[in-house]
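Heads up: the structure comes next, in structure tokens.
Here, residue 1 is the first one in the sequence, and each next residue gets the next number. What you see below is based on every heavy atom in this structure, not just the backbone, and it leaves out hydrogens, waters and symmetry mates.
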Amino acid sequence: MTRRRLLVPIVAVATFVALASGGAAAAAWLASATVTAQASSATVATTLTQAGGLTTTYRYAGTASQTARGTLAIANTGRAPLTYTLASQSTGSAALAQKTTLQLWTGTCGTTVPSTGVITTTLADPAPALPAGARTIAPGATVTVCVATRIFGTDASAANAALQGQSVTVAFRVTGAVGSHWTATAESAPFTQTAYRIDSAAAPSCTASRWGEVTLAWTAPANRVAGSPVTYRLFDTASGDTVDTVTADAATASVTLGGYDLPRNGTFALAIEARDATSGTTAAPSQPVSVIRTTPWNLGILFPSLRCS
């Protein structure tokens, strides 16, 4: 009986000595056991909410667009502290994603990007770093990450002309982790960004006059900015030669041609190319309209005239 009573303190002392002699290793073992117990007994969960004006169309001149702004709210909805990483998935124009600067920070999400504490990358980055304030979040807490994007830099044309009409759609995903075994992920709603390109003008109509002239009229591009001038180039689709140019800021535009405005007799397929005067984007050509030039005798002289096909 006496012997059994002595064994308990001896085992306890042996365990204490073993742990004490292990030093840091023993402490690490205890810490690991504690974290594992917390994670296994707690709900590990998170949410990610995207808000603001990140869905946008950039309409600009030069090499830098206006800035689009939004937020990413990361909420630790579980009962264990989580360490966070961020991922980004983009679809659509790789060129636009590469030319669009992405900035992330925590603090005040105002109109000015802070001078410090800002992560700067592009929408093409599949794993943007989170700002320091969002890398570890306590249970029940929410951290708001401020987001700013803009097109910046040049392409081969030195004016980003190749980006006209391009679009990219982006969704962010966060992963919150306890150690390497317990994780929770959440994805934000996607947003789409587009580099503005003016739409094509409507196919021109053709009206002939008794004097051998024709008037071509068309509707302005649907996405033009009201009141902003648009320059229209009327051109021969076969040769590419410009026949006439007109600038208008109304919902419709027109031009009147006489026989001497076309270089020879024959049938010409004429189309309209619209150019936005503010941002300098050029539309795809309109559908063409056919105009015929002939040179009949009129009062004893050769007089070239036009008619609609």
Side-chain angles (χ1 to χ4, degrees), residues 50-72 88-105 108-115 118-125 128 145-172 188-202 218-233 245-251 253 272-286:
Q50 183 264 120
L54 292 175
T55 293
T56 190
T57 296
Y58 295 109
R59 187 173 187 266
Y60 68 102
T63 59
S65 72
Q66 72 274 22
T67 299
R69 303 180 187 280
T71 58
L72 292 172
S88 173
Q89 182 177 21
S90 63
T91 56
S93 171
L96 180 58
Q98 187 64 51
K99 291 295 181 184
T100 303
T101 298
L102 169 67
Q103 292 182 296
L104 307 169
W105 72 96
T108 302
C109 298
T111 58
T112 302
V113 178
S115 58
V118 179
I119 301 297
T120 299
T121 181
T122 71
L123 288 183
D125 187 348
V145 177
C146 311
V147 183
T149 64
R150 67 169 180 157
I151 297 174
F152 186 77
T154 61
D155 58 25
S157 71
N160 281 329
L163 299 181
Q164 295 180 15
Q166 300 290 311
S167 292
V168 60
T169 298
V170 178
F172 291 111
S188 70
F191 61 89
T192 299
Q193 299 193 338
T194 302
Y196 173 81
R197 184 184 189 185
I198 193 168
D199 290 342
S200 299
W218 58 90
T219 302
N223 69 339
R224 73 183 183 89
V225 176
S228 178
V230 177
T231 298
Y232 302 98
R233 183 175 78 97
T245 301
V246 61
T247 299
D249 59 7
I272 304 294
E273 182 185 72
R275 182 176 176 83
D276 172 50
T278 300
S279 57
T281 70
T282 302
S286 71

In Å, rounded to the nearest 0.5 Å, how long is the span from [atom1] of [X] to [atom2] of [Y]?
X    : Y    : atom1 : atom2 : value
S286 : E273 : OG    : CD    : 9.5 Å
Q166 : R197 : CD    : CZ    : 9.0 Å
R233 : T245 : CZ    : OG1   : 7.5 Å
T121 : L104 : OG1   : CG    : 8.5 Å

Worksheet item: Are side-chain N/O atoms of T169 and T192 paired as donor and acceptor at under 3.5 Å?
Response: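 There is such a pair between these side chains.
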
Fill in: Modelled atom types, side-chain donor and acceptor of Q50 and S188, under 3.5 Å
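No, S188 and Q50 have no side-chain donor paired with an acceptor closer than 3.5 Å.
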
Nearest non-hydrogen partners of [X] and [Y], listed with the distance:
X    : Y    : answer
Y196 : R224 : OH-CA, 3.9 Å
A274 : P221 : CB-CG, 4.0 Å
S200 : A284 : OG-O, 2.7 Å
T194 : L96  : CA-CD2, 4.4 Å
D199 : A222 : OD2-CB, 4.0 Å
Q66  : R150 : O-CB, 3.4 Å

Discussion item. My understanding is that only one of L163, T67, L123 makes a side-chain contact (heavy atoms from CB on, under 4.5 Å) with I151; could you say which?
Written reply: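 So the option named by the test is L163.
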
Taking [X] for the side chain and [Y] for the main chain, is one N or O donor matched with an acceptor at less than 3.5 Å?
X    : Y    : result
R275 : G280 : yes
W105 : T108 : yes
Y58  : A68  : no
T281 : I198 : yes
R69  : C146 : no

Are any non-hydrogen side-chain atoms of [X] and [Y] less than 4.5 angstrom apart?
X    : Y    : result
Q193 : V170 : no
V168 : T91  : no
L102 : D125 : no

Practice prompt. Look at the aromatic rings of F172 and F191 and report parallel, tilted or perpendicular, splitting at 30° and 60°.
Written response: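 Rings of F172 and F191: tilted, as their planes differ by 30° to 60°.
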
